[in-house]
Q: 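This is the structure I have questions about; it appears just below.
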There are 4 protein chains.
Amino acid sequence: MARVHEDSVREEQRQRLLDSAIRAIGRSGFDSVRLRDIAADAGVTTGMIQYYFDSRQAFLVAALEKVGLDQINSWSQIREVETDPWTRLTRLIAACADRNPGIAIERSAAWLEFCACACRHTELREILSAVNQRWREVVLETIQLGCASGVFRPVLDEETITDAIIAMLDGCEMSIGSQAGLVTSDEARAVATQVAEHLLNR
Amino acid sequence: MARVHEDSVREEQRQRLLDSAIRAIGRSGFDSVRLRDIAADAGVTTGMIQYYFDSRQAFLVAALEKVGLDQINSWSQIREVETDPWTRLTRLIAACADRNPGIAIERSAAWLEFCACACRHTELREILSAVNQRWREVVLETIQLGCASGVFRPVLDEETITDAIIAMLDGCEMSIGSQAGLVTSDEARAVATQVAEHLLNR
Amino acid sequence: MARVHEDSVREEQRQRLLDSAIRAIGRSGFDSVRLRDIAADAGVTTGMIQYYFDSRQAFLVAALEKVGLDQINSWSQIREVETDPWTRLTRLIAACADRNPGIAIERSAAWLEFCACACRHTELREILSAVNQRWREVVLETIQLGCASGVFRPVLDEETITDAIIAMLDGCEMSIGSQAGLVTSDEARAVATQVAEHLLNR
Amino acid sequence: MARVHEDSVREEQRQRLLDSAIRAIGRSGFDSVRLRDIAADAGVTTGMIQYYFDSRQAFLVAALEKVGLDQINSWSQIREVETDPWTRLTRLIAACADRNPGIAIERSAAWLEFCACACRHTELREILSAVNQRWREVVLETIQLGCASGVFRPVLDEETITDAIIAMLDGCEMSIGSQAGLVTSDEARAVATQVAEHLLNR
DNA sequence: TATGAATGAGGCTTCATTCAT
DNA sequence: AATGAATGAAGCCTCATTCAT
């Protein structure tokens, strides 16, 4: 029992450190963020980070992995709660495009970092692939559900529409994350929703 | 004359070094790329890079700036050459989605780095904003041209469609650049083209 | 308690490093001394020096500052201990002219470096001014003391004699420090003492 | 003839470069002055300096040597021109103490550098020794001249007085050169002159 | 003769990592 | 469990020097 309790305390600490890492990565970038900065954010010493994680690399990868997992969880939740295809789709869109202003902007930047780093860190690429795949499944399933029930009468095949919506949302993410974009997250959501509506001929 | 010649030689050298930097940034990332790697790529010494550029930072920023400028140039060329709105639009789409396999993949990754770094480097953000703005202008103008001539009968207002197309292409870029995407650049082009066709009701 | 103890250990380390720096500056000069040399002298790594001091510049300035402070301390001690004006004056003279053979010659050279560098490093100049001022105060006070008690019957006004003695000692310092001088420190002390005796008409 | 002429042009160039070096050494110090700075001062390229001198070290040593030789020349001139012992002595004192405000302050600083560097550069030490020796000869000879003619009735032996005067002047030099001194060059001259007058019992 | 492009050695500095406490 | 002193590898950068022109 004591053991279990201690483990859960340890796990809590790890999560706290990972959250600090995500914020710091968003601010300084995956490659140039310093353990010292993260430690400062968490109010601990660098030694403690090393005590909880094997190495800087493993620690930062775990942090980005958490970003992806949180993402997946949020989608899964929407999927379970929302049964109407169109409502579910708009909520999924909102979950992406909305994440930015609501939650800290660092998280959005961290996601961009995630994608940018994936091409040179195999571990990250694998995680990112998994997240992408899960994302596509959820969207595609939603569209298929709507088509099957006759709510959607798609003008293109379901997979193409799925890819289009996903690409649009990724593009908005990029635009907003870089802070050099031309659209706000509200506009992004509006655009994505309108286009989806037309492509699905709701 | 001699002076002019020498200056052009110097400029040529700078461009060569910048190209090497772009490739190296694509491989190693903006923050962790080493001058040594770039020098090796260009077949020169690190001292020479410092001889041509004031600092590592200034050098790398100039490299990413070049990526943006090359981008703009390629669009401008298409805009001048191609008069038919739809052909021009498909070529613009292809210019983005196609760039990846044709030219080195490093360039695509460098672009992703560009966007990811923009949020923490003011200089980069300004350049990226300018590139984005120019990109939007070219696409919007093309769509307006098609609408004016009756070739396009858009289902949404022109600006929304422009934003949608741009977002889609950015999203594809991100997906392909991260190498964790689910679509090839061929598929990306096909999706973007089909969606554009429908939105413009060509 | 633990905190206090740790701080004193840290301070001790700093002093050790500063002493090594003084020796090394005396050997290699303020500008060309290498952190590596100092580290070797202290038997530590260069990283440790940077751990204890912010930068090379700050470290070296602190080292020369210590030279000045040690100087001041030694004078203050003589001033407190010795009540007889003439004995005190001869001891002050000896404290300067004698420092060289007794203690390491590097300290003398370090002092010369101090003066030479002062003209281009503002921080050093300020410290040097303070040391000079204190030095003058102590000598002048001693002379005034002797005059007041009738032990000295000066042939020139007290300030002039003070300046003369100080200049003579500085000159000896320079001569000995440069190792190109024509007088030994014994001779220097003898000359300064004899001249002082005459000027004060003891 | 042509050869001779070219040689003199070459020699003139060298002197120009040496003068620039002296100024630059005064500003930046012997060890940290950069060839680039000296070249800028002289309005030439660094390549040219290397064309005229074998190495940085040899160049800078030659520059300081010139400072010493100029010094010696100025004393010799006074010695030849001035026959009255006391007038000659005061002019010698003035030549030292006055050099500072009259000529550029860099020259004074360069002299301090000279002395400070002598302890670690054998070549410099030899030159400095020679200059010191010559200086002592001139002063001693002047004093002996005055004693022989009965103008001076020294209170201490001639050598001691010589050493005292030289030390005082060196000390003033140091004080003024470091720019952290407590006396102006006018005051320095006054002090040295008064003390000399008393010691020589003129 | 003089230039300036290019080199490369070596310094300062940063920072992840280790380890004694 | 947690700290933080200490290490040492590696990067950027400076600058004297070389050499083709």
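So that the names make sense, note that chain A is the first sequence line, chain B the second, and so on, each numbered from 1. Please read these numbers as outputs of a predicted model, since none were measured by experiment.
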Q: Using whole Å, report how far CG of L17(B) lies from C1' of dA6(E).
A: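 Rounding to the nearest Å, CG of L17(B) and C1' of dA6(E) are 12 Å apart.
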Q: Would you say Y51(D) reaches dT1(E)'s phosphate, i.e. side-chain N/O to OP1/OP2 under 4.0 Å?
A: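 True: Y51(D) side-chain N/O within range (under 4.0 Å) of dT1(E) OP1/OP2.
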Q: Starting at atom CZ of R16(C), determine the distance to atom C1' of dA5(F), rounded to an integer number of angstrom.
A: 13 Å
Q: Just to be sure I understand the rule, does Y52(A) reach a base, reach only the sugar-phosphate, or reach nothing, if contact means heavy atoms closer than 4.0 Å?
A: sugar-phosphate
Q: So, are R120(A) and D31(A) salt-bridged, with charged N and O less than 4.0 Å apart?
A: yes
Q: Whole angstrom is fine here: how far is it from CD in E12(C) over to C1' in dA5(F)?
A: 15 Å
Q: Would R27(C) and D41(C) pass as an ion pair if we require N to O under 4.0 Å?
A: yes
Q: Assign each of S55(B) and D54(D) to its nearest nucleotide of DNA chain F by heavy atoms, then name whichever residue's nucleotide is nearer the 5' end.
A: S55(B)
Q: Between C119(C) and G177(D), what is the shortest heavy-atom contact and its length?
A: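 Smallest interatomic distance, heavy atoms only, reads CB-O, 3.4 Å.
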Q: In Watson-Crick or G-U wobble terms, both distances under 3.5 Å, what is the partner of dA20(E)?
A: dT3(F)
Q: Which nucleotide in the list dT13(E), dA5(F), dG8(E) gets nearest to the side chain of R10(C)?
A: dA5(F)
Q: Atom CD1 of I49(B) to atom P of dG11(F): distance rounded to whole Å?
A: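 One finds 13 Å between P of dG11(F) and CD1 of I49(B), rounded.
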Q: Between dT17(E), dT13(E), dA16(F), which one does the side chain of L35(C) approach most closely?
A: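 Closest nucleotide to the L35(C) side chain: dT13(E).
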Q: Does dA9(F) have a Watson-Crick or wobble partner in any strand here, with both distances under 3.5 angstrom, and which is it?
A: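 Across all strands, the one nucleotide that pairs with dA9(F) is dT14(E).
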Q: If I take atom CG in residue D31(B) and atom P in nucleotide dG11(F), what distance separates them, rounded to the nearest angstrom?
A: 15 Å
Q: Nearest to the side chain of M48(C) - dA2(E), dC13(F), dA6(F)?
A: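 My answer, after comparing the listed nucleotides, is dA6(F).
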Q: Between I38(A) (CD1) and dA16(E) (C1'), how many Å, whole number?
A: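 The distance from CD1 of I38(A) to C1' of dA16(E) comes to 12 Å, rounded to the nearest Å.
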Q: Return the nearest nucleotide to the side chain of Q50(D); candidates are dT13(E), dA16(F), dA6(E).
A: dA16(F)
Q: Please compare G47(C) and T45(B) by the position of their nearest nucleotide in DNA chain E and report the one closer to 5'.
A: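 Upstream on the strand: T45(B).
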Q: How long is the span from the CZ atom in F114(C) to the CZ atom in F30(C), to the nearest 0.5 Å?
A: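 Taking CZ in F114(C) and CZ in F30(C), the distance rounds to 9.5 Å.
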Q: Reading DNA chain E from 5' onward, which residue's closest nucleotide shows up sooner: Q13(D) or R56(C)?
A: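 Taking each residue's closest nucleotide, the earlier one in sequence belongs to Q13(D).
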Q: To the nearest angstrom, how far is Q57(A) atom CD from dC15(E) atom P?
A: 17 Å
Q: Please state how far atom CZ in F53(B) lies from atom C1' in dA6(E), giving the value in whole angstrom units.
A: 15 Å
Q: For the pair D19(B) and K66(B), find out whether any cationic side-chain nitrogen is under 4.0 Å from an anionic carboxylate oxygen.
A: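 Here D19(B) pairs with K66(B) in a salt bridge, since their nearest N and O are under 4.0 Å apart.
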Q: Measure from the side-chain heavy atoms of R36(D) and tell me the nearest of dA5(F), dC15(F), dC12(E).
A: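 Of the candidates, dC15(F) comes closest.
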